[in-house]
*Asks:* 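One structure follows; several queries about it will come next.
Starting from 1, each residue takes its place in the sequence as its number. One-based numbering, in listed order, for ligands and for the atoms of each. Any value given below was found using the heavy atoms of this structure, including those in side chains, with hydrogens, waters and symmetry copies removed.
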Amino acid sequence: MSKRDYYEILGVSKDVSEKELKKAYRRVAMKYHPDRNPGDKEAEDKFKEASEAYEVLADAQKRAAYDQYGHAGVEGAGGMGGGGFGGGGFSDIFGDVFGDIFGGGGGGRGGPARGADLRYNLDLSLEEAVKGKTVKIKVPTLVACSPCGGSGAKPGSSPTTCTTCGGHGQVRMQQGFFSVQQTCPTCRGKGKMISDPCSSCHGQGRVEETKTLSVKVPPGVDTGDRIRLSGEGEAGADGGPAGDLYVQVHVREHEFFQRDGKNLYCEVPISIFEACLGGEIEVPTLDGRVKLRVPPETQTGKLFRLRGKGVSSVRGGAPGDLMCRVVLETPVNLNKEQKDLLEKLRDSMKGKQHSPRQESWFEGMKNFFGDMKL
Ligand SMILES: [Zn+2]
Ligand SMILES: [Zn+2]
């Protein structure tokens with residue numbers, strides 16, 4: 001049998017680069033791949049021929065031998081004993097070239113594929129996230145078709161074993177010296193054929209349905225937490241196992257509180273009188289209002305810690321704290337009398353040590369400009 005020239009088979013010139021060679025092989029291989037030409041003997045032969053050509057030309061050593069001696073140069077080296085080329089190298093090339101064309105081979109081994117996992121975004125208020133709750137959610141999904149029980153075959157009939165692969169889903173193909181395992185082109189790896197498809201699912205074994213599910217949200221969840229509902233994802237094709245449903249928690253912003261792990265933060269405005277004289281103010285917590293003692297001469301921005309008034313983690317442990325930041329509010333809408341009183345107060349404080357921070361700040365500023373020799 002006279003063999004065609006390897007370069008001619010792949011439609012490339014003798015000085016083809018490695019990259020161009022791979023491209024050319026992909027083009028030819030995709031065209032004649034058995035998955036795309038089921039039952040076409042000529043395409044199968046062309047596919048084998050191209051694979052063999054690429055096998056040789058992709059290897060610098062073998063390519064050199066082929067360039068010098070032609071087919072004799074590489075056949076002699078290979079032999080039937082399994083030495084020479086082949087072995088690990090071939091599958092490497094194969095995986096490399098086909099990985100991105102056929103999605104990594106997509107083998108049909110190990111029974112029907114598992115259904116896809118689903119994700120559901122669940123919005124919760126802070127209170128709901130902290131206390132936990134059971135929510136009903138509606139999830140559009142694929143469920144096993146009930147008339148056929150997911151098999152895809154008309155009720156009363158059942159899928160038959162694929163005669164091409166004998167139910168294995170894989171066939172062995174001879175390629176030059178090598179026997180390569182491939183997805184069965186007849187059943188596409190399923191190992192079964194449906195001659196009489198179910199009319200409800202058209203042989204798919206799955207139908208679209210909106211499922212209503214009850215999700216138990218444990219207390220303490222936070223944005224980014226996921227709750228897994230095992231087996232509530234899409235049903236698998238051909239009666240395969242269902243995937244999982246992941247409920248992704250997102251906690252909405254709260255009017256008063258910011259959450260940071262187990263701690264809560266809030267800002268509480270206080271008047272100049274409470275700040276100066278001290279007093280009791282009311283602060284919000286998730287369990288209602290509590291009183292907070294503000295000592296006299298409290299500065300704005302001071303943080304008060306209320307132990308245990310934070311949040312318990314979903315992972316357990318002691319609850320965190322509530323951190324209250326008091327913010328001094330400047331009085332507005334003052335009348336003449338009030339302004340007079342304030343002026344009186346100001347005059348009485350003049351020249352005395354009532355604002356240590358302001359004084360040291362001005363002192364610092366003086367030094368700063370002094371250093372600059374202004
Ligand atoms: Zn088959
Ligand atoms: Zn069905």
Side-chain angles (χ1 to χ4, degrees), residues 29-51 90-91 94-95 97-99 101-118 138-176 178-213 229-245:
M30 277 188 75
K31 188 169 167 197
Y32 296 117
H33 195 279
D35 274 4
R36 299 186 159 210
N37 306 275
D40 183 341
K41 182 79 177 78
E42 202 190 318
E44 195 182 315
D45 287 343
K46 286 224 159 94
F47 179 74
K48 286 184 195 172
E49 194 182 48
S51 301
F90 187 73
S91 58
F94 206 72
V97 173
F98 283 99
I101 308 177
F102 298 103
R109 297 199 73 79
R114 186 172 170 273
D117 289 337
L118 294 176
K138 282 186 190 321
V139 189
T141 183
L142 290 172
V143 298
C145 170
S146 61
C148 66
S151 75
K154 197 180 205 115
S157 75
S158 54
T160 52
T161 303
C162 171
T163 48
T164 309
C165 61
H168 296 293
Q170 301 264 313
V171 283
R172 290 205 152 268
M173 279 193 24
Q174 205 63 31
Q175 244 168 298
F178 315 105
S179 153
V180 176
Q181 193 151 27
Q182 302 216 314
T183 303
C184 171
T186 313
C187 64
R188 298 194 174 273
K190 292 171 185 170
K192 288 193 163 83
M193 301 292 289
I194 296 167
S195 46
D196 211 356
C198 162
S199 56
S200 301
C201 62
H202 310 287
Q204 298 301 304
R206 300 185 290 180
V207 286
E208 281 178 31
E209 194 188 286
T210 300
K211 272 203 283 196
T212 303
L213 293 168
L229 299 179
S230 178
E232 297 291 3
E234 278 184 4
D238 313 303
D244 297 333
L245 171 69

*Asks:* Do the side chain of D117 and the main chain of L245 share a donor and acceptor less than 3.5 angstrom apart?
*Replies:*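 No, because the side chain of D117 does not come within donor-acceptor range (under 3.5 Å) of the backbone of L245.
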*Asks:* Working to 10°, measure the angle at the Zn ion (ligand 2) formed by atom SG of C148 and atom SG of C145.
*Replies:*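 About 100°, to the nearest ten degrees.
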*Asks:* Kindly check if the number of other-residue, nucleotide or ligand heavy atoms within 6.0 Å of NZ (K48) is above 12?
*Replies:*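 Buried by this count: over 12 neighbours within 6.0 Å.
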*Asks:* Could you please spell out the steps behind the side chain to side chain contact (heavy atoms under 4.5 Å, CB included) verdict for I194 and Q204?
*Replies:* CA-CA 10 Å; I194 296 167; Q204 298 301 304; over 6 Å; no
*Asks:* Would you say C198 has an N, O or S atom lying under 2.8 Å from the Zn ion (ligand 2)?
*Replies:*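 It does; at least one qualifying atom falls short of 2.8 Å.
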*Asks:* The Zn ion (ligand 1) to H168: any N/O/S contact under 2.8 Å?
*Replies:*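 Short answer: no, not a single N, O or S atom is under the cut-off.
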*Asks:* Calculate the angle formed at the Zn ion (ligand 1) by SG in C184 and SG in C162; 10° precision is enough.
*Replies:*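 Value, to the nearest 10 degrees: 110°.
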*Asks:* Atom NZ of residue position K211 - does it have more than 12 heavy atoms of other residues, nucleotides or ligands inside 6.0 Å?
*Replies:*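 Yes, because the 6.0 Å sphere around NZ of K211 holds more than 12 heavy atoms from other groups.
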*Asks:* Minimum heavy-atom separation for L118 to E232, with atom names?
*Replies:*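 Of all heavy-atom pairs spanning L118 and E232, the closest is CD1-O, 4.4 Å.
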*Asks:* May I have the angle between C187 SG and C165 SG with its vertex at the Zn ion (ligand 1), rounded to 10°?
*Replies:*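 Here the angle at the metal atom is close to 110°, to 10°.
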